[in-house]
2 protein chains.
Amino acid sequence: MDTESRTEALAQRLADSGLRSTPQREVVYDVLLKKRDHPTADEVFARVKPELPTISLATVYNCLETLVACDLVRAVNIERGPTRYCPNLQPHAHFHDVKTGRTHDIDLPPEVLERVQAVLPAGYTPASVEITFRGSACAPLDATGQATKS
Amino acid sequence: MDTESRTEALAQRLADSGLRSTPQREVVYDVLLKKRDHPTADEVFARVKPELPTISLATVYNCLETLVACDLVRAVNIERGPTRYCPNLQPHAHFHDVKTGRTHDIDLPPEVLERVQAVLPAGYTPASVEITFRGSACAPLDATGQATKS
DNA sequence: ATTTGTAATTAGAATAGTTCTAATTCTTAC
DNA sequence: GTAAGAATTAGAACTATTCTAATTACAAAT
């Protein structure tokens with residue numbers, strides 16, 4: 001999706017919640033989509049600044065909160081420390097590499113998600129599930145440069 | 001397990017890591033086992049204080065960190081906010097009730113754990129997995145007062 | 001076009017949770 | 001009993017986030 005249609009989609013989602021599209025919200029969302037490495041609010045701030053030099057950190061927090069409320073972004077708390085933000089809305093797990101500190105998205109097939117949900121006793125109705133692995137990744141890559149599935 | 005044998009088991013585990021058993025470590029571990037409600041460091045501090053009135057918050061943090069390092073306790077970060085501590089070492093998921101703010105342990109059958117691990121591409125070797133549900137629980141109870149399995 | 005009300009942004013102060021520091025106390029081995 | 005290292009302590013420092021109050025931007029009604 002190009003930047004313009006992204007921006008329109010964002011405007012639509014915001015409007016659905018009775019909120020306005022603003023340059024700040026657009027740029028914050030854009031930097032999240034551009035580099036999907038689960039940045040912290042501070043990191044987002046640093047990436048947005050060149051584009052909007054007068055933006056404040058408080059606004060970055062506000063924008064991120066807004067995007068999370070509109071279900072355009074997920075807030076991820078993998079470990080004690082700053083919250084990280086993830087614009088991947090597909091069902092996925094996170095692999096947190098303790099060596100590099102990086103977090104990778106791991107695609108989550110629907111049947112696994114279902115199987116996991118099924119462990120809940122009656123009456124527990126989950127709004128969301130978060131699956132996080134912790135360890136070290138030394139994934140071999142296939143011809144396309146993608147991590148191969150075991 | 002009674003308190004004495006618990007204390008011995010703790011002493012053993014600490015010794016295995018070249019660490020000493022101390023009254024502070026014992027009492028911190030005891031309060032975690034006594035009320036398994038995923039308390040924060042502050043809450044642990046409050047519960048330990050009557051027993052050891054001179055203990056400091058820093059020591060509570062130190063003890064918790066030590067217990068986590070010895071694999072006797074899990075540190076849980078469900079959402080932004082204070083880290084919570086969980087002495088349940090069985091494989092289990094967490095259900096975070098957004099209404100009450102409480103977190104329940106959900107037993108995790110081995111085959112589900114395996115199925116979840118299997119989503120990882122080759123080369124990703126997880127040291128641990130954390131599965132967290134978020135939602136609201138209004139679990140019906142069976143005759144024994146336990147939540148019934150769906 | 002102007003006004004008016006509301007939404008959003010801003011800078012900086014305040015807060016919460018945790019970690020660090022340096023001094024003291026407790027243990028253990030000699 | 002002494003020396004060396006481990007653990008504890010109080011408080012300062014630090015980090016991430018939220019709050020506050022003032023300002024700016026915007027949209028609707030006039």
Side-chain angles (χ1 to χ4, degrees), chain A residues 7 10-11 13-31 38-49 51-70 72-73 75-86 101 103, chain B residues 7 10-11 13-31 38-49 51-70 72-85 101 103:
Chain A
T7 301
L10 167 62
R13 279 296 194 98
L14 287 166
D16 290 349
S17 306
L19 300 168
R20 291 181 198 153
S21 189
T22 66
Q24 290 84 348
R25 285 170 181 170
E26 283 169 19
V27 176
V28 165
Y29 190 45
D30 270 0
V31 307
H38 310 87
T40 64
D42 260 328
E43 285 164 353
V44 171
F45 183 46
R47 292 177 200 179
V48 167
K49 205 106 196 235
E51 201 78 16
L52 298 173
T54 66
I55 198 171
S56 79
L57 180 57
T59 301
V60 171
Y61 274 103
N62 291 340
C63 291
L64 289 169
E65 194 186 359
T66 300
L67 293 172
V68 169
C70 294
L72 284 161
V73 167
V76 182
N77 282 283
I78 289 190
E79 53 186 356
R80 148 101 196 122
T83 297
R84 294 174 169 277
Y85 297 87
C86 173
T103 297
Chain B
T7 302
L10 168 62
R13 276 297 192 98
L14 288 167
D16 291 349
S17 306
L19 301 168
R20 292 180 195 154
S21 189
T22 66
Q24 290 86 347
R25 286 170 180 171
E26 283 169 19
V27 176
V28 165
Y29 189 44
D30 270 1
V31 307
H38 309 86
T40 64
D42 260 330
E43 286 164 353
V44 170
F45 183 46
R47 292 176 199 179
V48 167
K49 205 106 197 231
E51 201 78 18
L52 297 173
T54 67
I55 198 172
S56 79
L57 180 57
T59 302
V60 171
Y61 274 102
N62 290 340
C63 291
L64 289 169
E65 193 186 359
T66 300
L67 293 171
V68 169
C70 294
L72 284 161
V73 168
R74 265 168 75 181
V76 182
N77 282 283
I78 290 190
E79 52 186 357
R80 145 103 194 121
T83 298
R84 295 175 169 276
Y85 297 88
T103 297

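As a basis for the values below, the full set of heavy atoms in this structure was taken, side chains included, without hydrogen atoms, waters or symmetry mates. Chain letters run A, B, ... following the sequence lines, proteins first and then strands; every chain starts at 1. Computed from a prediction, not measured in an experiment: that's the story for all the values here.
Distances were taken from every side-chain heavy atom of Ala41(A) (C-beta onward) to each of dT17(D), dG11(D), dT6(C); the shortest belongs to dT17(D). When distances are taken from the side chain of Cys63(A) to each of dT9(C), dG11(D), dA7(C), the shortest belongs to dT9(C). When the nucleotides dT6(C), dT18(C), dT17(D) are ranked by their closest atom to the side chain of Thr83(A), dT17(D) comes out on top. Checking dC26(D), dT9(D), dT18(D) against every side-chain atom of Gln24(B), the shortest atom distance belongs to dT9(D). Listed nucleotides: dA8(C), dT9(D), dT27(C). Nearest to the side chain of Arg25(A): dA8(C). Of the candidate nucleotides dT9(C), dT9(D), dT17(D), dT9(C) has the atom nearest to the side chain of Asn62(A). Of the candidates dG17(C), dT9(D), dA7(D), the closest approach to any side-chain atom of Pro82(B) belongs to dG17(C). Of the candidates dA7(D), dT9(D), dT18(D), dT9(D) carries the atom nearest the Ile55(B) side chain, counting heavy atoms from C-beta on. Proximity note for Thr54(B) (side chain, C-beta onward) versus dT9(D), dA7(D), dT9(C): the nearest is dT9(D).
In this structure, the side chain of Glu51(B) does not engage the main chain of Val48(B) through any donor-acceptor pair within 3.5 Å. Thr59(B) places no side-chain N or O within 3.5 Å of a backbone atom of Ile55(B) that could act as its donor or acceptor partner. Within the 3.5 Å criterion, the main-chain N or O of Val76(A) finds no donor-acceptor partner in the side chain of Arg84(A). Under a 3.5 Å cut-off, the side chain of Arg20(B) and the backbone N or O of Ala15(B) do not form any donor-acceptor pair. Within the 3.5 Å criterion, the main-chain N or O of Tyr85(B) finds no donor-acceptor partner in the side chain of His38(B).
Distance Leu14(A) CG to dA25(D) C1': 16 Å, rounded to the nearest Å. dT18(D) atom P lies 13 Å from atom CG of Asp42(A), rounded to whole Å. In this entry the distance linking CG of Asn77(A) with C1' of dA16(D) reads 11 Å, nearest Å. Distance Arg80(A) CZ to dA16(D) C1': 8 Å, rounded to the nearest Å. Rounded to whole Å, the distance from CG on Leu52(A) to C1' on dA25(D) is 14 Å. As rounded to whole Å, 16 Å separates atom P of dT8(D) from atom NZ of Lys49(B). Look at OH on Tyr61(B): it is 12 Å from P on dA16(C), rounded to the nearest Å. At whole-Å resolution of the value, CG in Leu64(A) and P in dT18(D) are 10 Å apart.
Thr22(A) comes within 4.0 angstrom of the backbone, heavy atoms only, and of no base. Using a 4.0 Å heavy-atom criterion, one finds that Leu19(A) contacts the sugar-phosphate atoms exclusively.
Contact check, Thr59(A) against dT10(C): a side-chain N or O comes under 4.0 Å of OP1 or OP2.
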